[in-house]
There are 2 protein chains.
Amino acid sequence: MAMTRVTIKDVAVSLGLSVSTVSRALNDKGDVDPKTRKKVKEKAVELGYFPNMVAKALKGKVLGLLGVVIDDNANPFYAEVVKGMERQARKYGFHLLLVNTSADYEEQVFAVDFLQSKGVDGILIAPVDDTKPYEMEALRVPFVVVGRHFEEGDFVEVYNDEVLGGYLATKHLLDGGRRNIVTIQPAMNIYPTRGRSEGYRKALIEFSAELYNQSRELKSSPEQAGNSLKEYIKTQGLPDAIFAYNDMYALEVITCLKGRKLRVPEDVAVVGYDDIPYSVYVHPALTSVALDKEWMGRTSVELLVRMVQGEELKKKKYIQKPVLRVRDSG
Amino acid sequence: MAMTRVTIKDVAVSLGLSVSTVSRALNDKGDVDPKTRKKVKEKAVELGYFPNMVAKALKGKVLGLLGVVIDDNANPFYAEVVKGMERQARKYGFHLLLVNTSADYEEQVFAVDFLQSKGVDGILIAPVDDTKPYEMEALRVPFVVVGRHFEEGDFVEVYNDEVLGGYLATKHLLDGGRRNIVTIQPAMNIYPTRGRSEGYRKALIEFSAELYNQSRELKSSPEQAGNSLKEYIKTQGLPDAIFAYNDMYALEVITCLKGRKLRVPEDVAVVGYDDIPYSVYVHPALTSVALDKEWMGRTSVELLVRMVQGEELKKKKYIQKPVLRVRDSG
DNA sequence: TTGAAAGCGTTACCAC
DNA sequence: GTGGTAACGCTTTCAA
């Protein structure tokens with residue numbers, strides 16, 4: 001087990017060559033006699049040699065490590081994004097280093113520092129707060145912002161048209177005859193919340209100023225969504241539709257509604273967001289704004305790798321257009 | 001951005017000290033004048049120095065990287081396990097390197113090699129096939145087997161009592177009056193399939209030899225579960241209960257059943273496994289064998305870190321007892 | 001075509 | 001208590 005590692009030097013001495021020649025042979029670089037090269041490679045395999053990336057990295061080469069800083073890998077949205085990242089990273093010979101922040105700012109600061117001290121070549125990050133670009137200055141390696149969008153700063157970003165998403169969802173509800181639509185979302189000030197709100201209000205005002213004036217935004221958390229809604233209903237009365245921040249919120253909202261013997265969508269229509277894989281199995285099947293999550297992962301890694309390899313990206317914003325997937329809940 | 005990194009040497013010259021002294025001061029090692037130590041630390045902060053773990057690792061120290069080799073991070077079961085791993089790893093100052101194998105053996109071989117060449121200190125692995133212990137010999141770093149169990153080989157393993165899980169599920173169905181129970185699982189030959197089958201058969205034979213002789217194991221895949229079942233029904237007739245390998249299978253099975261206008265659980269009862277977070281929201285809510293997935297993640301990391309730090313584990317098998325969560329599907 | 005030697009950032013041994 | 005130096009495994013000039 002703990003047998004000492006086979007190094008380039010072992011290969012060299014066993015062949016009576018110098019380490020430099022072996023290095024060149026193995027990396028197909030410089031001038032090496034084809035025969036020598038062949039011998040070296042065979043010997044390397046025979047001895048079970050495999051390169052020590054750590055040593056390579058110390059020589060200024062890339063380690064092939066990409067840090068991923070997200071809220072929670074078990075959130076089905078991020079799970080899919082990460083899956084896409086992993087797949088793409090592998091194609092380029094890169095590995096993913098995962099850190100969850102629980103959407104906590106301190107954790108994020110720590111994560112970034114820690115990741116960098118480990119020598120990652122780049123970072124994929126969904127910042128906890130995308131309103132303060134100067135906070136990204138702690139980043140000393142190339143990075144790509146995933147699923148967020150800073151108004152200022154010209155970072156490379158891969159995100160979704162959240163305004164369109166919010167508009168689509170709300171418009172659909174309006175088209176279905178709903179007039180008392182409340183939206184529920186987390187208190188975080190990030191582009192996804194801002195954008196979806198904006199889309200929501202855009203659809204409302206497009207319909208009438210009156211409806212716009214009655215717009216209602218409820219702040220909550222995935223776990224508390226049900227309780228927040230209950231509270232809201234108690235004081236403000238029953239809405240006829242709810243545009244949930246994402247499918248987790250929608251699921252909680254539906255559970256709460258059912259608990260009060262209300263029918264979905266007959267009494268209250270519910271539209272979610274993210275279109276997680278389980279939305280088909282729940283009852284009623286969720287109507288949701290769909291995003292290609294793997295695309296986000298693949299694209300962000302693709303861009304980051306190019307940056308790590310020294311490429312200067314001209315295009316910096318990669319925006320995806322969401323689509324409404326209409327099912328039974330609204 | 002691309003400003004060159006602050007090294008220990010920069011701190012040394014700016015203070016007129018030697019690198020060795022600075023190193024000792026920073027690491028609280030050996031003899032250093034308390035005053036010097038203080039000065040060094042302050043200067044380090046001032047200059048924005050942070051240790052280069054890659055260089056440390058080259059010196060034979062631990063890099064603080066743990067490789068994770070699993071089927072698919074987006075599988076809700078693994079997502080929770082990974083979450084537990086990440087949390088625990090962080091406590092110890094370790095990072096997680098994620099690789100998905102899609103349950104493909106070649107991918108796994110590649111993953112392990114690749115991870116090792118990147119200098120990981122240890123590996124957490126859910127092997128694609130846990131019947132061939134000698135295949136683990138490619139592992140040259142400490143490793144912990146997660147969610148799998150080899151009959152031979154004395155690896156450190158963190159897994160679940162799958163026999164009990166299968167027994168619990170089947171017994172519950174039997175107690176509910178079901179007599180024609182088929183189980184559906186993947187074709188993979190891994191402890192979870194073997195164990196759950198065994199538990200299934202154990203419950204059957206405990207009831208009667210006749211029932212045992214009628215036991216039916218259907219091999220399929222999560223995506224094909226519905227079709228496989230349809231095929232089965234066509235040739236073998238309708239069972240009155242299905243013990244699904246996990247909740248994903250169960251969800252597919254239920255969808256298939258509903259598609260044929262069959263009622264769950266009235267016509268066919270369905271029990272799943274893993275108790276994923278969404279099982280509460282689906283309709284009917286899934287009865288499922290529950291596991292503490294985060295515990296698996298935490299424990300395996302805990303053990304691996306201890307191994308990496310040189311500890312010899314006396315206890316090698318960490319087994320969790322599953323519990324049946326009865327809801328509406330069966 | 002091949003080899004010697006320097007250097008990447010850090011630690012550790014051994015003098016001073 | 002402090003500093004010089006070798007060493008970790010590898011790549012990369014620069015000579016030979």
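A note on names: the letters A, B, ... follow the listed sequences, proteins ahead of strands, and every chain is numbered from 1.
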Evaluate whether atom NZ of A:Lys317 has more than 12 neighbouring non-hydrogen atoms of other residues, nucleotides or ligands under 6.0 angstrom away.
yes
In the 5' to 3' direction, the nucleotides of DNA chain D bounding the stretch that comes under 4.0 Å of a heavy atom in chain A are D:dG9 to D:dT12
From CG of B:Leu58 over to C1' of C:dA12, roughly how many Å is that when rounded to an integer?
15 Å
B:Asp104 and B:Ser102: CA distance, side-chain angles, deciding distance, side-chain hydrogen bond (donor to acceptor under 3.5 Å, both in side chains) verdict
CA-CA 5 Å; B:Asp104 179 275; B:Ser102 310; over 6 Å; no
Taken to the nearest whole Å, NZ/A:Lys118 to P/C:dG9 is 19 Å
Tell me whether the side-chain N/O atoms of B:Ser23 come closer than 4.0 Å to OP1 or OP2 in C:dT11.
yes
Give the rounded distance in Å between these two atoms: CG of B:Asn52 and C1' of C:dG7.
14 Å
Regarding the side chain of A:Asp33, the nearest nucleotide among C:dA12, C:dG3, C:dT1 is C:dT1
Find the distance B:Asp10:CG to C:dC8:P and express it as a whole number of Å.
11 Å
Are there over 12 heavy-atom neighbours, none belonging to B:Lys9, within less than 6.0 Å of that residue's NZ?
no
Taking side chain to side chain contact (heavy atoms under 4.5 Å, CB included) as the criterion, tell me which of A:Leu304, A:Leu303, A:Val144 meets it with A:Leu313.
A:Leu303
Could you check how far CG of A:Leu15 sits from P of C:dT1, rounded to whole Å?
17 Å
Rounded distance (Å) that lies between atom P of C:dT2 and atom NZ of A:Lys35:
11 Å
Working to the nearest 0.5 Å, report the span between OH of B:Tyr105 and CZ of B:Phe110.
15.0 Å
Which part of the nucleic acid, if any, lies within contact of A:Lys59, taking any heavy atom under 4.0 Å across all strands shown: a base, the sugar-phosphate backbone alone, or nothing?
base
Whole-Å gap separating P (C:dG3) and NZ (A:Lys9):
15 Å
If we check side chain to side chain donor-acceptor pair (under 3.5 Å) with B:Glu157, which of these qualifies: B:Arg148, B:His149, B:Lys316?
B:His149
Without decimals, in angstroms, what is the distance between B:Lys56 NZ and C:dT10 C1'?
8 Å
Base of C:dA4, side chain of A:Ser20 - is there a donor-acceptor contact under 3.5 Å?
yes
Is a side-chain donor-acceptor pair under 3.5 Å present for A:Ser18 with A:Thr21?
yes
Counting only side-chain N and O atoms of A:Thr21, is one of them less than 4.0 Å from OP1 or OP2 of C:dT2?
no
